[in-house]
Amino acid sequence: MLYRENGQFKQSYHADLQIFPVLQDRVAIQLLLVLAFVAVPFVASDYAFRAILIPFLILSLAAMGLNILVGYCGQISLGTGAFMAIGAYAAYNLQVRIDGMPLLVALIGGGLCATVFGVLFGIPSLRIRGLYLAVATLAAQFFTDWFTNRVPWVTNNSSSGSVSVRELSLFGMAVETPAQKYLLCLSIVVVFGLLCKNLVRGAIGRQWMAIRDMDVAAAVIGIRPVYAKLSAFAVSSFVVGVAGALWGFVHLGSWEPAAFSIDRSFQLLFMVIIGGLGSISGAFFGAAFIVLLPLLLNYVPHWLGLPLSTATASHLEHMIFGALIVFFLIVEPHGLARLWLTAREKLRLWPFPH
Amino acid sequence: MKFGSFALTAAAVAAAMSFSVAPTAAQAQAAEQFVPLLVYRTGQFAPLGIPWADGKQDYLKLINARDGGVNGVKLVFEECETAYDAAKGVECYERLKGKGTGASGFDPQSTGITFAVTDKAFNDKVAIQTMGYGLSQSVDGTVFEWNFPLLGTYWTAADVMIQDILKKEKGNLKGKKIALVYHDSPYGKEPIPLLQKRAAKDGFELVMFPVTPPGVEQKSTWLQIRQQRPDYVLFWSAGVMTPAGIREAQASGFPREKMYAIWWAGSDHDVKDIGAGAKGYNAITIHNSAARDKVHDDLKKFVYDKGQGTASDASQVGVMAHTRGMMISMLQVEAIRAAQEKFGKGKTLTPEQVKWGFENLDLTPERLKALGFGEIMRPVKTSCSNHMGTDWARIVQWDGGKWNITSDWYQADQALIDPLVKEMSAKYAKDKNIKPRSC
């Protein structure tokens, strides 16, 4: 009923090429955007902004970047935390060293530095694959941990090795309140979401997917693996770098290298796997799952009035989290995005299943 | 008929009103003050975090059980697990800052989280209490209006260690070599600027050995120490890194008497299992947190004997990290008390008012004795420009079974630290575009 597409005929190529070809999807997305841009800033509390919405948006962006590399191009990476760190530290250095650096340029600059770094560490992907590549990207992680910790220049000679950003402003307007920060993140995520979606739908995205599915066959039909793989690394680390810069600038405000440790890399990989490999919406589902579930597991015993000690709650959280990950991987290896797709397919026929 | 139903309604409304009024009146009688507790009971630093968290909570329980709160204001508290992770800490901070009556100051219990919430606290007008850690330059209250590194910082600690070494070396460190073995994170790097100044002044050579967190693997570090033969090792470690380091020192034959650990690496659980192997290991204490005093007896009597204790058993009471937890809560409670003196006794205070209390702490010897901290602490007085108070410290040594005090009271060399605080806080103010207030 909800998804009945009777009478929705496409009469032009343009109509056929839309991101959301079904009217209901278009309306739903538009509603969602209106809700996110207009309603949420008025309704949400400071807590919701700072502890839930902003981390959710930034991690979605990072997961989107990683998904391009892992989900679309099939190059497993464990260096996401490192790419985020490079983005954050590069943006910080741009801001500190160049007076009057606009925030957006600093963020994009951070992304560009991460791109260079990502391509550099993507070069081994031309020779090695799969698990071996994952281990090679681990090198990026360890290198960055060392680099951000030991090279004083990176932190502007901060005595403690942690850095702290100045006040944020955009086109002369201060970005101070949580609602403003949220809107900044939301705008960036929407723009990047649109760009990524179009990239993966286009020629380059098809090349990535061909490489993922079988690189020898892809090479035979004329796709250059060098170009396809490195461009996936470049786009992915650019997006992840911008997400890293946002994480440092907007979410934390000041950070130490531990903020981008290997734990972050694993967390993002889980997001991509749980959310759905090879889908843009999967990044959002995965981020929501990982950001919200621990909070929920923390809150629910509290609401039920169960007197759980902090340590027990925390251990329980890890156990339930682990169990859920295993459960999801068994029940739906293609992640939450696939579950959503299945639900939609069912809704198209509802209430008359086959 | 009509009037009858009206009267009935009115009666019902009146009854409902009286029901709804009664509890609010009761609430008004029992004023409450909310204290957020950020803790890490899990993760790589849990061995230190657990007794610390227990101590913080135990003291609040003691105040409620023994005194019925602060001037009748009951303390309510809630824990939030950070696992020493900055992003989780930010979430905890956001969750608890507006809870109940508003947070009466945060003890983030981590240098990283302190960095992350410092800017936010400035906007939210909540005090950040960092006893013995955090940003060393935040002593300067003119720039860091909301940070309170009470009782000591890593700079004062490093200075006191050097003073004790100077005493052992008869006042001359020329030509000596002192190594800093540190947790490679902002926490471990904090003492470096001060030590560099001290090295220039006293003429010793400073060699640095960063250890990658979590610090379980230190073989190569201690091999290097064996090659370079430093005269002393300053040990800036935390969590699992500490016992690992002591065992490596033992294995490589470095005398434990020549090791000086920072306070977080000088807890009972760090050395207990190594026992005699750690004999001679020195640690600095914030004031004299190795001591036992009346507060411990009170805690046992009013809390643990009634089965209300936070720790698994009463033997944890008096462990150094537990005592430090109690000191933190005591300072918090005294800040509330001081603020009540100004803003009204028996009233619930806003976070901003509690911050005034932090800024106007005056713990005299008599007051400390009355609180049961007479042996543990020396007088402390904070002000608008000095957010640290007084930085007394002592050195303790592990004799294989317990800690013994081996030094007199020390205070850091103000001539060295003050300019450094001023210089670094001015840099921070410039970076952040903060106009220092005048005090």
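The sequence lines fix the lettering, A, B, ..., with proteins before strands; numbering per chain opens at 1. Here the structure is a predicted model, which means the values were calculated and not measured.
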(request) Please flag which part of A:E317 lies under 4.5 Å from any non-hydrogen atom of chain B: side chain, backbone, both or neither. (result) side chain

(request) Tell me, for B:V39 versus chain A, whether the close heavy atoms (under 4.5 Å) come from the side chain, the backbone, both or neither. (result) side chain

(request) Under 4.5 Å heavy-atom distance to chain B, tell me which part of A:W146 shows up: side chain, backbone, both or neither. (result) neither

(message) Need one label for B:Q137: side chain, backbone, both or neither, based on atoms under 4.5 Å from any heavy atom in chain A.
(response) neither

(message) Less than 4.5 Å apart, side chain to side chain, heavy atoms only: is that true for B:I162 and B:L194?
(response) no

(request) Give a yes or no on whether a salt bridge exists between B:R41 and B:D54, defined as a side-chain N under 4.0 angstrom from a carboxylate O. (result) yes

(request) Measure distances from B:D184 to the heavy atoms of chain A and classify the residue's part below 4.5 Å as side chain, backbone, both or neither. (result) both

(message) Please classify the contact between A:F142 and chain B as side chain, backbone, both or neither, with a heavy-atom cut-off of under 4.5 Å.
(response) neither

(request) Would you check if B:D107 and B:K56 make a side-chain contact, meaning some heavy-atom pair closer than 4.5 Å? (result) yes

(request) Among the options B:I192, B:V90, B:D119, B:D431, pick out the one with the most heavy-atom pairs lying under 4.5 Å from chain A. (result) B:D431

(message) Would you say that B:Y428 contacts B:S138 through its side chain, given a criterion of any heavy-atom pair below 4.5 Å between the two side chains?
(response) no

(request) Would you mind checking which part of B:P210 comes under 4.5 Å of any heavy atom in chain A, side chain (CB onward), backbone (N, CA, C, O), both or neither? (result) both

(message) Among B:P186, B:G112, B:A116, B:A83, which residue has the highest count of heavy-atom pairs closer than 4.5 Å to chain A?
(response) B:P186

(request) Against chain A, label B:C92 side chain, backbone, both or neither, depending on which of its atoms sit under 4.5 Å from a heavy atom there. (result) neither

(message) Would the distance check show the side chain of A:T137 and the main-chain N or O of A:L78 forming a donor-acceptor pair, the cut-off being under 3.5 Å?
(response) yes

(message) If you count heavy-atom pairs within less than 4.5 Å of chain B, which of A:S164, A:A259, A:G253 leads?
(response) A:S164

(message) Would you say that A:T155 contacts A:Y89 through its side chain, given a criterion of any heavy-atom pair below 4.5 Å between the two side chains?
(response) yes

(message) Given 3.5 Å as the limit, does a donor-acceptor pair link the side chain of B:E81 with the main chain of B:T42, or not?
(response) yes

(request) For the residue pair B:S110 and B:T82, establish whether any side-chain heavy-atom pair is separated by less than 4.5 Å. (result) no

(request) Pick whichever of B:S136, B:G188, B:A86, B:A87 has the most heavy-atom pairs under 4.5 Å with chain A. (result) B:A87

(request) Just jot down the ring pair (Phe, Tyr, Trp, His ring centres under 6.0 Å) partners of A:F121, sequence neighbours excluded, or say none. (result) A:F117

(message) With chain B as the partner, which of A:H315, A:H251, A:E256, A:H318 has the greatest number of non-hydrogen pairs under 4.5 Å?
(response) A:E256

(request) Determine yes or no for a side-chain-to-main-chain donor-acceptor pair under 3.5 angstrom, with A:Q141 supplying the side chain and A:A82 the backbone. (result) yes

(message) Using a strict threshold of under 4.0 Å (side-chain N to carboxylate O), is an ion pair present between B:E91 and B:R95?
(response) yes

(message) What residues of residues 43-65 of chain A make heavy-atom contacts with chain B at a cutoff under 4.5 angstrom?
(response) A:D46, A:Y47, A:R50, A:A51

(message) Quick check: do A:P41 and A:L183 have side-chain heavy atoms less than 4.5 Å from each other?
(response) yes

